[in-house]
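Computation of the quantities below employed the complete heavy-atom set of this structure, encompassing side-chain atoms and omitting hydrogens, waters and symmetry-equivalent molecules. FYI, the numbering just counts along the sequence from 1.
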Amino acid sequence: MAAAPAARRAWSQKQKIRAGAWAVGVFAVVAVGALTGALIKTDQQKEEAIKQFRETTPEEQIAALEAHKESLLKQRSHIQFKLDRFNARVEERKKELEAKKESEK
């Protein structure tokens with residue numbers, strides 16, 4: 001006759017803490033490894049882009065820089081537009097609050 005299966009025991013507090021510590025440790029190692037790998041890849045991509053840029057002719061470099069400048073200026077104008085709208089709303093709200101305070105007096 002086969003022996004009855006061993007009864008499952010509940011984990012003790014010490015075992016739970018040990019398992020939790022291992023889980024956190026493994027997670028930390030995996031997270032640091034993933035982050036390190038991503039940073040290394042990003043650095044390699046930057047180095048490759050710089051290398052390609054340096055291999056181009058000065059005329060091509062100037063054209064690329066002008067295109068990048070144009071892109072940045074468009075972004076700047078878009079952000080400035082948003083900032084102006086935001087400042088206008090802030091001023092509008094200030095005037096509303098002042099008018100409300102005046103009407104309460």
Q. With Leu72, which of His68, Glu70, Lys74 fulfils side-chain contact (heavy atoms from CB on, under 4.5 Å)?
A.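 Going through His68, Glu70, Lys74 one by one, the side-chain contact (heavy atoms from CB on, under 4.5 Å) with Leu72 is satisfied by His68 alone.
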
Within this structure, what is the [atom1]-[atom2] distance for the pair [X] and [Y], rounded to the nearest 0.5 Å?
X	Y	atom1	atom2	answer
Arg93	Leu97	CZ	CG	9.5 Å
Arg18	Ser12	CZ	OG	8.0 Å
Gln61	Glu55	CD	CD	10.5 Å

Anything under 3.5 Å between a donor and an acceptor, one on a side chain of residues 20-44, the other on a protein residue two or more places apart or in another chain? List them.
unit_1	atom_1	unit_2	atom_2	d
Thr36	OG1	Val32	O	2.7
Thr42	OG1	Ala38	O	2.9

Q: Show which residues join Val90 in its hydrophobic cluster (side-chain heavy-atom contacts under 4.5 Å, direct or indirect), or state none.
A: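 Hydrophobic cluster check, Val90: joined to Phe86.
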
Q: Quick one: list whatever passes side chain to side chain donor-acceptor pair (under 3.5 Å) with Asp84, sequence neighbours left out.
A: Gln80

**Q.** Minimum side-chain heavy-atom gap Phe53-Leu65 below 4.5 Å
**A.** yes

**Q.** Whether Gln52 side chain and Ala49 backbone form a donor-acceptor pair below 3.5 Å
**A.** no

